[in-house]
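Notes follow the structure.
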Amino acid sequence: QVHVVQSGGGLVQAGGSLRLSCAASGRTFSRYAMGWFRQAPGKEREFVAAISWSGVSTRYADSVKGRFTISRDNAKNTAYLQMNNLKPEDTAVYYCASGDYSGSVNTYDYWGQGTQVTVSS
């Protein structure tokens with residue numbers, strides 16, 4: 001059985017930083033892409049960032065380019081999302097997921113439990 005467990009998140013002031021972690025188990029971590037998505041109240045889940053199985057390829061939503069960095073450590077079966085210069089509009093529940101490399105929720109088949117990120121102005 002595949003498990004995806006997130007950690008990190010919390011409350012930060014605008015301009016601050018947070019790092020989210022995502023540990024996956026139950027299948028070969030290094031064979032799958034990892035993605036980060038977020039969902040704000042009353043809005044649909046949206047793409048944030050993705051990283052290919054090897055870590056060579058990454059992609060970002062325009063809204064986070066230059067501020068967020070996705071990475072992975074296949075030896076630790078863990079992916080990360082480093083978030084810098086956070087803005088109030090980044091406030092959302094953040095989800096990580098394992099699956100095929102893309103910006104679509106539909107290509108990811110295992111999801112973490114979600115973690116709240118709140119950015120105060």
Side-chain angles (χ1 to χ4, degrees):
Q1 189 171 1
V2 178
H3 295 280
V4 181
V5 179
Q6 300 177 219
S7 59
L11 173 64
V12 66
Q13 288 188 331
S17 298
L18 285 173
R19 189 175 84 155
L20 306 182
S21 299
C22 175
S25 62
R27 66 181 185 183
T28 305
F29 178 81
S30 59
R31 291 182 180 176
Y32 298 92
M34 297 296 294
W36 288 95
F37 295 79
R38 66 187 182 188
Q39 189 165 18
K43 295 187 177 182
E44 292 187 353
R45 193 168 298 188
E46 66 174 5
F47 171 72
V48 175
I51 187 166
S52 63
W53 64 270
S54 65
V56 170
S57 299
T58 58
R59 58 188 297 178
Y60 297 91
D62 289 343
S63 59
V64 307
K65 280 181 182 175
R67 300 188 298 122
F68 290 12
T69 302
I70 189 171
S71 62
R72 66 189 296 158
D73 185 340
N74 286 343
K76 296 182 178 180
N77 291 348
T78 302
Y80 305 95
L81 185 68
Q82 177 67 43
M83 304 183 292
N84 297 329
N85 190 21
L86 282 159
K87 303 176 180 180
E89 51 264 42
D90 294 318
T91 295
V93 176
Y94 283 69
Y95 297 89
C96 71
S98 172
D100 292 336
Y101 182 65
S102 83
S104 169
V105 298
N106 296 321
T107 68
Y108 294 88
D109 48 2
Y110 291 98
W111 291 79
Q113 78 277 19
T115 186
Q116 178 70 45
V117 171
T118 303
V119 184
S120 63
S121 57

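A disulfide bond (SG atoms under 2.5 Å apart) check over residues 34-85, counting only residues at least two apart or in different chains, returns nothing. The side-chain hydrogen bond (donor to acceptor under 3.5 Å, both in side chains) pairs that include a residue from residues 20-29 are Arg27-Ser98, Arg27-Asp109, where partners are two or more places apart or lie in different chains. For residues 34-100, every residue pair satisfying the disulfide bond (SG atoms under 2.5 Å apart) rule, not counting sequence neighbours, is listed here: Cys22-Cys96. Judged as a salt bridge (charged side-chain N to carboxylate O under 4.0 Å, His left out), not a single pair has a partner in residues 91-107 (not counting sequence neighbours).
The two residues Gln116 and Thr91 make their nearest non-hydrogen contact at NE2-CG2, 3.9 Å. Scanning both residues, Ser102 and Phe47, for their nearest heavy atoms gives O-CE1, 3.8 Å. When all heavy atoms of Leu20 and Gly9 are compared, the closest pair comes out as CD2-N, 3.2 Å.
For Lys65, the salt bridge (charged side-chain N to carboxylate O under 4.0 Å, His left out) criterion is met by Asp62, not counting sequence neighbours. The side-chain hydrogen bond (donor to acceptor under 3.5 Å, both in side chains) check on Arg72 picks up Asn74, with sequence neighbours excluded. Shown here are the side chain to side chain contact (heavy atoms under 4.5 Å, CB included) partners of Ser71, two or more places apart in sequence or in another chain: Tyr80. For Thr69, there are no side-chain hydrogen bond (donor to acceptor under 3.5 Å, both in side chains) partners, not counting sequence neighbours.
Taking Ile, Leu, Val, Met, Phe, Trp and Tyr as members and joining any whose side-chain heavy atoms lie under 4.5 Å apart, directly or through other members, Val56 forms no hydrophobic cluster with any other residue. Hydrophobic cluster of Trp53: no remaining members, since no ILVMFWY side chain lies below 4.5 Å from it.
Hydrophobic clustering (ILVMFWY, side-chain heavy atoms < 4.5 Å, transitive): Tyr95 and Leu18 are in distinct clusters. No continuous path of hydrophobic side-chain contacts links Val105 to Tyr110 [ILVMFWY only; heavy atoms under 4.5 Å]. Cluster annotation: Val64 and Val12 are assigned to the same hydrophobic cluster (Ile/Leu/Val/Met/Phe/Trp/Tyr, side-chain heavy-atom contacts under 4.5 Å, transitive). No continuous path of ILVMFWY side-chain contacts below 4.5 Å connects Val4 to Tyr108, so the two sit in separate hydrophobic clusters.
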Throw together a table of side-chain donor-acceptor distances under 3.5 angstrom for residues 29-38, partners on residues two or more places apart or in other chains.
unit_1	atom_1	unit_2	atom_2	d
Arg38	NE	Glu46	OE2	2.6
Arg38	NH1	Asp90	OD1	2.9
Arg38	NH1	Tyr94	OH	2.9
Arg38	NH2	Glu46	OE2	3.2
Arg38	NH2	Ser63	OG	3.4

Could you list the donor-acceptor pairs under 3.5 angstrom formed by side chains in residues 81-89, with sequence neighbours left out?
unit_1	atom_1	unit_2	atom_2	d
Gln82	NE2	Asn84	OD1	2.9
Asn84	OD1	Ser17	OG	2.9

